[in-house]
Amino acid sequence: MADGPDPIEAAVRALRRLPGIGEKTAARLVYWLLRAPDGTIPAIVDALTRLRAEVHPCRVCGDLTATNPCALCADGRRDARVIAVVERPQDVRAFERAGEFRGRYHVLHGAISPLDGIGPSDLNLRTLLDRLRDGTVQEVIVATDPDVEGDATALYLARLLADVGVRVTRLAHGISVGTEIEYADAISLGQALHHRRPIGGDGG
Amino acid sequence: MRLVRLRTHAFRNLAPATLETDARFVVIGGPNAQGKTNLLEAVWILASLRPLGSPRWREVVRWGEDQAVIAGEVDHGGDVRRLRLDVGTGTRSLRLDDTVQREVGPWFDAIRAIAFTPSDAEIVSDAPAVRRRWLDRAAFTAAPAHLARVQGVRRVLAQKREALQSDRPDPTLLDVLDAQLARRGAELVAARVRTLDDLRPHVRTLHEGIAGGRGALGLRYRTAAVGEGIQARQDALAAALAQARPDEVRRRRCLVGPQRDEVGITLDGRAARTYGSRGQVRSIVLALKLAELVAARARGDRPLFLLDDLSSELDRDRTGRLVAALVDLDAQVWVTTTDPAHLGALPPGDALVLRAEDGMMTPQDAVPKRIDG
Ligand SMILES: Nc1ncnc2c1ncn2[C@@H]1O[C@H](COP(=O)(O)OP(=O)(O)O)[C@@H](O)[C@H]1O
Ligand SMILES: [Mg+2]
Ligand SMILES: [Zn+2]
């Protein structure tokens with residue numbers, strides 16, 4: 001017999017570390033994998049290994065990607081005059097699914113939250129300022145979540161960009177309170193984009 | 001809305017059971033420490049998703065078990081909603097019409113309640129926080145969306161407190177958080193004031209009537225967010241926050257905001273909190289709670305009305321008057337009492353009397369059940 005923990009146990013424990021996966025689901029996946037067609041496990045292992053080796057933040061927008069700059073930043077047909085600022089890479093996917101937005105993105109990788117030890121300097125803000133320097137960008141749409149942290153981040157950005165000479169707007173939220181953008185359906189995101197409004201000093 | 005069926009499992013000392021409760025009045029009688037309040041609490045938890053009073057969640061799970069269930073069926077004029085709450089160690093899950101719920105909004109369309117318990121005297125007698133909590137709950141009962149306002153302000157305050165803890169807080173960060181506090185705070189205050197305005201006339205009438213109180217009852221909301229309309233309140237709050245900033249930074253505390261507001265309750269112009277006798281306090285609290293029910297009715301809403309330990313709270317006369325008034329109000333009423341006879345006349349054919357004994361509820365035949373369907 002091999003040394004070390006039981007391989008089934010070890011696999012269940014490894015899978016349980018994934019978000020949203022509990023003991024039961026992990027066990028179900030492991031037993032499914034044990035009977036899966038040849039090549040299934042190597043394909044998964046290979047995909048996961050490549051994830052780690054090949055994916056990096058885009059040097060322009062911060063989105064996670066295997067090419068640098070990412071495909072969206074490299075696509076000359078996208079409107080370079082508008083940037084949508086989002087909290088996380090998943091939000092870029094959500095916007096692309098909605099298909100309404102033809103501009104470019106910027107991923108902050110978080111939102112201001114002193115409770116989580118995240119201040120403005122922990123966000124991907126410096127490269128955003130770099131992108132605004134040459135005067136091409138005319139509008140920044142702040143598409144952070146409609147919660148306290150997202151609102152605080154939006155307002156902070158509005159102050160930061162006040163002297164840069166771009167229009168700063170915020171998504172109009174048809175999105176219900178407590179719903180993260182990632183989960184918002186395509187239609188409401190489209191509407192939110194359509195009804196965006198300028199950010200004043202009114203708390204976002 | 002009427003809770004027509006209630007099932008509990010491993011909840012406090014209640015024996016696992018399903019009770020048929022399709023009656024306008026559900027009276028839970030029996031000696032002390034048998035589980036009367038526990039049954040009422042099960043209803044309250046189903047309707048509010050909070051324990052009664054402020055115990056911890058794990059206290060409601062039967063000792064030695066790790067998962068309690070409260071389930072019920074609520075009849076909305078023929079449309080029956082099925083609710084099920086599972087309470088585990090540190091976890092709670094909701095199922096509405098057999099579908100797992102991620103948000104509480106739809107749940108509170110299906111059930112809501114107003115409760116009156118002996119400890120509610122604290123609404124008048126205790127610190128301002130208790131009155132704010134009462135007012136927020138009343139606003140929530142009127143419109144569940146109020147919950148988002150309360151949680152939003154609480155979250156901003158938590159963030160701001162944390163930001164104030166650092167040695168040299170980023171002034172722009174504080175500006176941004178204060179702007180949030182001003183906007184969300186103004187909305188919260190406006191909703192609280194609106195709720196109080198809605199309740200005030202009912203509170204006065206009920207206080208002099210059913211509650212048997214004397215003297216002119218005053219209700220006033222005191223806040224730094226003064227003004228006509230939300231924008232004016234927001235501006236006032238923003239100004240107050242700006243002025244308090246140096247103090248807040250020095251003391252590392254939040255000194256201004258809706259968390260400092262007060263709901264002033266006066267009798268003939270004097271603070272009921274300081275000068276009210278026990279009897280006066282009871283009349284005021286009863287008037288506050290009944291006013292919520294009357295205001296709900298005016299909106300076409302029929303939340304459940306839950307009364308705990310009625311006999312210990314009111315004399316026979318007032319109890320009789322209260323029950324008569326509740327019959328007119330057409331809400332489903334749940335009452336616990338050591339002495340059901342104390343209640344006086346219950347609606348004939350539409351009252352269910354349960355006798356609690358060691359966690360078991362036995363329907364009593366004393367009051368005949370409706371037979372005409
Ligand atoms: N989590 C629990 N598990 C088992 N028994 C409990 C639990 N919590 C309270 N009890 C018991 O419930 C009884 C009190 O019931 P309660 O409903 O307050 O009585 P009353 O009929 O006087 O209103 C006490 O005997 C107490 O020990
Ligand atoms: Mg009791
Ligand atoms: Zn990019």
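Here is the naming used below: chain letters follow the sequence lines, and residue numbers restart at 1 for every chain.
- In summary, B:R183 and B:D235 do not engage in a salt bridge, as defined by a charged side-chain N under 4.0 Å from a carboxylate O.
- In summary, B:R131 and B:E262 engage in a salt bridge, as defined by a charged side-chain N under 4.0 Å from a carboxylate O.
- For B:Q243, the CD atom counts as loosely surrounded, since its 6.0 Å shell holds 12 or fewer non-hydrogen atoms of other residues, nucleotides or ligands.
- Interface check for chain A: of the options B:V153, B:T172, B:L177, the most heavy-atom pairs under 4.5 Å are formed by B:T172.
- With a threshold of 4.5 angstrom between heavy atoms, B:A182 does not approach chain A through any atom at all.
- Contact of B:D178 with chain A is not made at all, since no heavy-atom distance falls under 4.5 Å.
- Annotation: side chain of B:F11 is not in contact with side chain of B:V69 (no heavy-atom distance under 4.5 Å).
- Residue with the most contacts toward chain A among B:R155, B:R161, B:K160: B:R155 (heavy-atom pairs, distance under 4.5 Å).
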